[in-house]
Amino acid sequence: MGLKREAIDDALLNGEFGEASAFAMRLLVKFGEALGAKRFIDIVGAHIDGCLYHGQVSLDFVDRLVALDGRVRVPTTLNVGSLDLIHPELFRGDEALRRDGRRLMEAHVQLGCTPSFTCAPYQLAKRPGLGQHIAWGESNAIVFANSVLGARTHRYGDFLDLCAALTGRVPEQGLHLAENRFARLVYEIEAPAGLANDALAVAIGHLIGSKSGDKIAAIVGLPRDMSEDDFKALGAVAASSGAVGLFHAVGLTPEAPTLADALLKRPSGCQPKRLKTPFSASRPPLKATQSRRSASVRRISRSPNSIGFLLFCPASSQNPVSTSTSIPAATPIRHFRRAATWRGLKPPASPSSSIPAPMSPPSCAGWKGSS
Amino acid sequence: MTGEAEGPVLTLREPLSFWGGLDPHTGLIIDRWHPDCGCSLAGTILVMESGRGSSSSSTVLAESLRLRTGPAGIILAAPDAILLIGCLVAFELYGVACPLLALERSDWQACAAAKTIKISSDGQKSTVIASI
C-alpha cells in the first residue's frame, strides 16, 4: 500500500513552494510512513508548541526554516514562549536563555505565525469546528480541540506541528481518522452531590489519564452543567497524567450525544471495557476487601447491559489516583475557575429531556485555510 | 530510519513525560513522582509502555539526543507520534539515530524483561534481538 502522494504533496517535496516547505514535507513523509498512513489530507489551521525554548535543538530547527525563507501556508497560532515579551524586564533567568528564548519566539513570527503565545488557543476568537482537520501541538489544547470542539488533530509534538503549518498537509492517521475516534473505555461516574464541578473535573481527568494511557474514554454521568472551563481542566489533567488526546462526555461533547454514538464506529469484536468509578465526597473510598469487592462486582454484573464489567476501586490501587478521587467537597480546587465567564457553550437546560443537547459546534469562520 | 542500536535495557514502570521528566543535560529522570526517578536514560534501550504527557517531549528527546545523553533506542507497546518526531528531527539535524519501535504486546513484554537489546533496521524491516 504505502503512503500515497497527491500532486500537491509532490510539488511540496520538489521545492515548488520553497525549500523550507520541502524540508518539512520530507519529515512529514517519514512520519506518515512510520505510522502507516495511506494518504495526506489538508488542514485548516495549526497551533505551534515549539516556541518554548528547551535547548539548542529548538533554535537549530526553526533557524533552518527561517534561513530557507519558510512561510506557513495555513493560519497558525503560537503556544507560550519562554519570555513575557510585554514585560521582558521581569525575566530573572540566565542571559543566554533570555536571548535564545526571545530569538525562538521571533523566529516563529518571521515564519508567519500569529504571535498569540497562549496554551489555550481554543479561547481565541477564531477556532476550528466540528470535523475540521487541524494540526495542533500542546497537549491540553489537543484534547480540548478533539473532545470539546470536535475538530480533528492528532497529538502533534514540537517540530511536526510546524511542518504541518509550512505545508498545510498532514498524513491521515491517528485521530484524524473517524474509526480511531471511538471510545474503548467507558467510565460511569457517580457524581456526588456537593462536589464542585471543577474539583470533579480534575479528579476524573486524573483517573482517565492514569488509567487509560492513550485510549479514548467515554464518560457517562458527568453533571449536565459542566462548563468549558471544567472540560478544560479535565482534559489538561488527563493529557498530563496520561497520553489522552480525546475523550467523550456522553450527552455533552459533540461526537457523543449518546453512548451509542461514542461507540458507534467500533470495529466488530472490540468490546469496550467499563470502569465504574465510586467517587464520593462524603463517604470514604471503598475498602479493597475481597468480600466487599465481590459484592460490588455481583451487584454490577446483574445489569442487563453488562459486557464484562470491571470494578475500579481507587482504594485497591497503588496509584496515587485514590487521593485525587476522594477530594472532600469542603476543599474544592478553585484555581481552575476563571474570573471571566467562558460558559457560552454550556448545554441548554432541558429538564424534560433525559439526554441534554450536545454542545453546539462553535463557529469556524476564518479557519478555511489559505490554500 | 536505518542503523543499529544496542544497549542495556531500562524498563520504566510507568510512562515518562520527557518534558519536565528528563533533564537533557544529564540524561537523568527528574520527575520526582516517577517511580524510576534518578535513573539515567543515556545509552539505554528504553522500554516504556507508551508516551505520556506534554507535546514538548519531542524537543526534550531531540535535545538529549543532540547532547548524547538520550537513549540509544526506544521500544513502546503503542505508537507515539510525539517521541517519533523527536527521533526524526535529531536524525535530520544532527545525524543521531535513535530507532523507535512499537511492538505487539507479547513482544514488548519480552523486551521489558530483557537485559540487553540490539535493534537493527534497514529502513523497511527492523530486527530486535533481546538477551535475557
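The analysis underlying the following values was restricted to heavy atoms, covering all of them including side chains, and did not include hydrogens, waters or symmetry mates. By convention in this document, chain letters (A, B, ...) are assigned in the order of the sequence lines, proteins followed by strands, and residues within each chain are numbered from 1.
With no hydrogens or angles considered, no side-chain donor-acceptor pair links B:Ser58 and A:Asp158 at under 3.5 Å. Judged purely by distance below 3.5 Å, without hydrogens or angles, the side chains of A:His47 and A:Asp161 never pair a donor atom with an acceptor atom.
The shortest distance between side-chain heavy atoms of A:Ile216 and A:Phe182 does not fall below 4.5 Å. At least one side-chain heavy atom of A:Gln173 sits under 4.5 Å from a side-chain heavy atom of A:Phe31. With a 4.5 Å cut-off on side-chain heavy atoms, B:Glu49 and B:Arg105 count as touching.
Looking only at heavy-atom pairs under 4.5 Å with chain B, the residue among A:Gly209, A:Ala141, A:Gly55 that has the most is A:Gly55. Of the residues considered (A:His154, A:Glu138, A:Gln56), A:Gln56 shows the highest number of contacts with chain B, using heavy-atom pairs under 4.5 Å. Annotation: maximal heavy-atom pairing with chain A below 4.5 Å, among B:Val89, B:Val60, B:Leu67, B:Leu83, occurs at B:Val89. In terms of non-hydrogen atom pairs under 4.5 Å with chain A, the most contact-rich of B:Ala62, B:Gly86, B:Pro79, B:Ser50 is B:Ala62.
Note on residues 157-177 of chain A: pairs passing ring-ring contact (aromatic ring centres under 6.0 Å, His included), not counting sequence neighbours, are A:Phe61-A:Phe159, A:His133-A:His176, A:Tyr156-A:His176.
The stretch residues 22-37 of chain B places none of its residues near chain A, where near means some heavy atom under 4.5 Å from a heavy atom of that chain.
Both the backbone and the side chain of A:His54 have a heavy atom closer than 4.5 Å to some heavy atom of chain B. Contacts between B:Ala78 and chain A at a heavy-atom distance below 4.5 Å involve the side chain alone, from C-beta outward.
Surrounding CD of A:Glu95 are more than 12 heavy atoms belonging to other residues, nucleotides or ligands, all under 6.0 Å away.
A donor-acceptor distance shorter than 3.5 angstrom exists from the side chain of B:Thr11 to the backbone of B:Ala112, with no hydrogens or angles considered.
A salt bridge is defined here as a Lys NZ or Arg NE, NH1 or NH2 lying under 4.0 Å from an Asp or Glu carboxylate O, and A:Asp63 with A:Arg103 meets this definition.
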